[in-house]
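The structure under discussion appears below in the form of structure tokens.
Throughout, a chain's letter reflects where its sequence line sits, starting with A, and its residues are numbered from 1.
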2 protein chains.
Amino acid sequence: MNTPGRGLHGRVLDTLGPAITAGEYPPGSVLRTDELAQHFEVSRSVMREAVRVLESMHLVESRRRVGVTVRPKSEWNVYDPQVIRWRLAGADRPHQLRSLTVLRSAVEPVAAGLAATHATPEQCAELTECALGMVANSRGHRLQDYLVHDIAFHRVVLTASGNEMFARLGDVVAEVLAGRTHHEVMFEDPDPAAVTLHVQVAEAVREGDRARAERLTREITEGALQELDILAP
Amino acid sequence: MNTPGRGLHGRVLDTLGPAITAGEYPPGSVLRTDELAQHFEVSRSVMREAVRVLESMHLVESRRRVGVTVRPKSEWNVYDPQVIRWRLAGADRPHQLRSLTVLRSAVEPVAAGLAATHATPEQCAELTECALGMVANSRGHRLQDYLVHDIAFHRVVLTASGNEMFARLGDVVAEVLAGRTHHEVMFEDPDPAAVTLHVQVAEAVREGDRARAERLTREITEGALQELDILAP
DNA sequence: ACCCCTAAAAAGTCAGACTTATATGTCACA
DNA sequence: TGTGACATATAAGTCTGACTTTTTAGGGGT
């Protein structure tokens, strides 16, 4: 599911990125390029490229005569897909999963509402197809097939919203849904009510009913929040 | 307001980044590191670091024997603050301002609702102070001072939500608000109704009234949407 | 028409020397 | 004892040139 690091600098990032996001180097820690290069057994050029990438993610700051200092978490580019993946892969996973689910609960209802207005006929068809796929795999421990359709469903909604910022959250939502299925205990079949809601959202979008699409999607995301014991409604 | 590029590679990015996000090199265009290095009069090492950063933003892809190819807009990391700044500085500005405003309309109400539950007494005080500052500067063409308090207000709300993803949108919202004041025609004093809404949001958060804070903030963001002629409610 | 082999092109990697900014310590002087 | 100017060491920044690796494209043979 992941793209392994291309090139040497990518491999360095594959271990250094997770280490930093996991808090292995606390904020304010100072690293030196030369030492890192020796440690990873790469040339300084390669190491410098890796540091540049970390710097563009605001994970570290590089200053002359000082070194490469780790920035506090509050300054990280937490929307960077790579940062999200690193955090989801580490000890921060539960926390990251929660904040992403809250983000979903804000974005997806609005996106669904917009989709009701903007979706093309093809997208409406895709949506219905996904919903049907969810129904078909909602019983008999077909969790993997269910998940595929669930992810596709939400991705289509976000894309059909016509908003580029929403569309780019498709991967994030995919990670969250996959995380919920795999990591959380999910022996049982999905909640039938949730399945029905997806079908109804597809309906509402197809009929161009903005308010209903938004309201129904809000019910879905509120369910996701409750699963993680977030907020008392 | 902006951080000029640190180091040579930063200066290269300051002109190459905007050029790419402005669509000056259409998707699929192929650049060669050596040529770019010559054009910008820097060494290949510096140019490579710049390319690495662009690559981490998913603006370009670097492949052997091919070169550095520009990726389609749909793959860009549109949440990267630098990418947002580049786009806001170029021809894409109106479009970017619209998509960000829609994002605001999804996120801020939920953030305000959470703030009502999570805000510390200090944050409540800050919020009230900002709202009062807005009131004080709402008449007599004090747009600049009004803007400062407006930005601070929304930043506090996003921070007080307790969600790291929301908190990091503070800069984005600041850009949008500043853009509205400076670029759009804004000779007149701000809408008194909007000012009142901010005061009321501060009240609701202070009283811990989650639903009311959310509803009032939604009114604010809907106003922002209407200013840009987005959606008929 | 198909496959394999060769060659070229561009990114990738490395090593070493040099430059520049800057944090810190030193010393003179008030 | 405190303060300011200055020297020094340090680590990032930059440049250059040589070499390696991957991958595309073309050519030749069946």
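One can place CD of A/Glu35 at 11 Å from C1' of D/dA11, the figure rounded to the nearest angstrom. Between B/Glu61 atom CD and C/dA10 atom C1' the separation is 15 Å, expressed in whole Å.
Distances shorter than 4.0 Å separate some side-chain N or O of A/Ser62 from OP1 or OP2 on D/dG13.
Judged as a side-chain contact (heavy atoms from CB on, under 4.5 Å), and not counting sequence neighbours, A/Pro4 has no contacts. Scanning for side-chain hydrogen bond (donor to acceptor under 3.5 Å, both in side chains) contacts around A/Asp80 gives an empty result, with sequence neighbours left out. Considering only residues two or more places apart in sequence or on other chains, A/His198 meets the side-chain hydrogen bond (donor to acceptor under 3.5 Å, both in side chains) condition with A/Asp150, A/His154. Shown here are the side-chain hydrogen bond (donor to acceptor under 3.5 Å, both in side chains) partners of B/Asp171, two or more places apart in sequence or in another chain: B/Arg155. Scanning for side-chain hydrogen bond (donor to acceptor under 3.5 Å, both in side chains) contacts around B/Arg104 gives B/Glu108, with sequence neighbours left out.
Residues from residues 24-31 of chain A with heavy atoms under 4.0 angstrom of DNA chain C: there are none. Taken residue by residue, residues 36-48 of chain A places heavy atoms nearer than 4.0 Å to DNA chain D at A/Arg48. Residues of residues 4-15 of chain B that place a heavy atom closer than 4.0 Å to DNA chain D, in numerical order, are B/Gly7, B/Leu8.
Judged by distance alone, the side chain of B/His118 and the main-chain N or O of B/Leu114 form a donor-acceptor pair under 3.5 Å. Between the side chain of B/Asn77 and the backbone N or O of B/Ser56, at least one donor-acceptor pair lies under 3.5 Å.
Sorted by first then second residue, the salt bridge (charged side-chain N to carboxylate O under 4.0 Å, His left out) pairs that include residues 6-23 of chain A, not counting sequence neighbours, number zero. The stretch residues 49-61 of chain A participates, sequence neighbours left out, in these salt bridge (charged side-chain N to carboxylate O under 4.0 Å, His left out) pairs: A/Glu49-B/Arg48, A/Glu49-B/Arg52, A/Arg52-A/Glu55, A/Arg52-B/Glu49. Among pairs with a residue in residues 58-93 of chain B, those fulfilling ring pair (Phe, Tyr, Trp, His ring centres under 6.0 Å) read A/Tyr79-B/Tyr79, at least two apart in sequence or across chains.
Pairing each heavy atom of B/Cys124 with each of B/Ala119, the nearest pair is SG-CB, 4.0 Å. For B/Ala112 against B/Thr217, the heavy-atom pair with the smallest separation is CB-OG1, 3.1 Å. Across all their heavy atoms, B/Val176 and B/Leu97 have their closest contact at CA-CD1, 4.2 Å.
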I'd like a table of atom pairs between the protein and nucleotides 20-23 of chain C - only N or O on both sides, under 3.5 Å - with the distance next to each one.
residue, atom, partner, partner atom, Å
C/dT20, O2, A/Arg64, NE, 3.3
C/dA21, O4', A/Arg64, NH1, 3.4
C/dA23, OP1, A/Arg63, NH2, 2.8

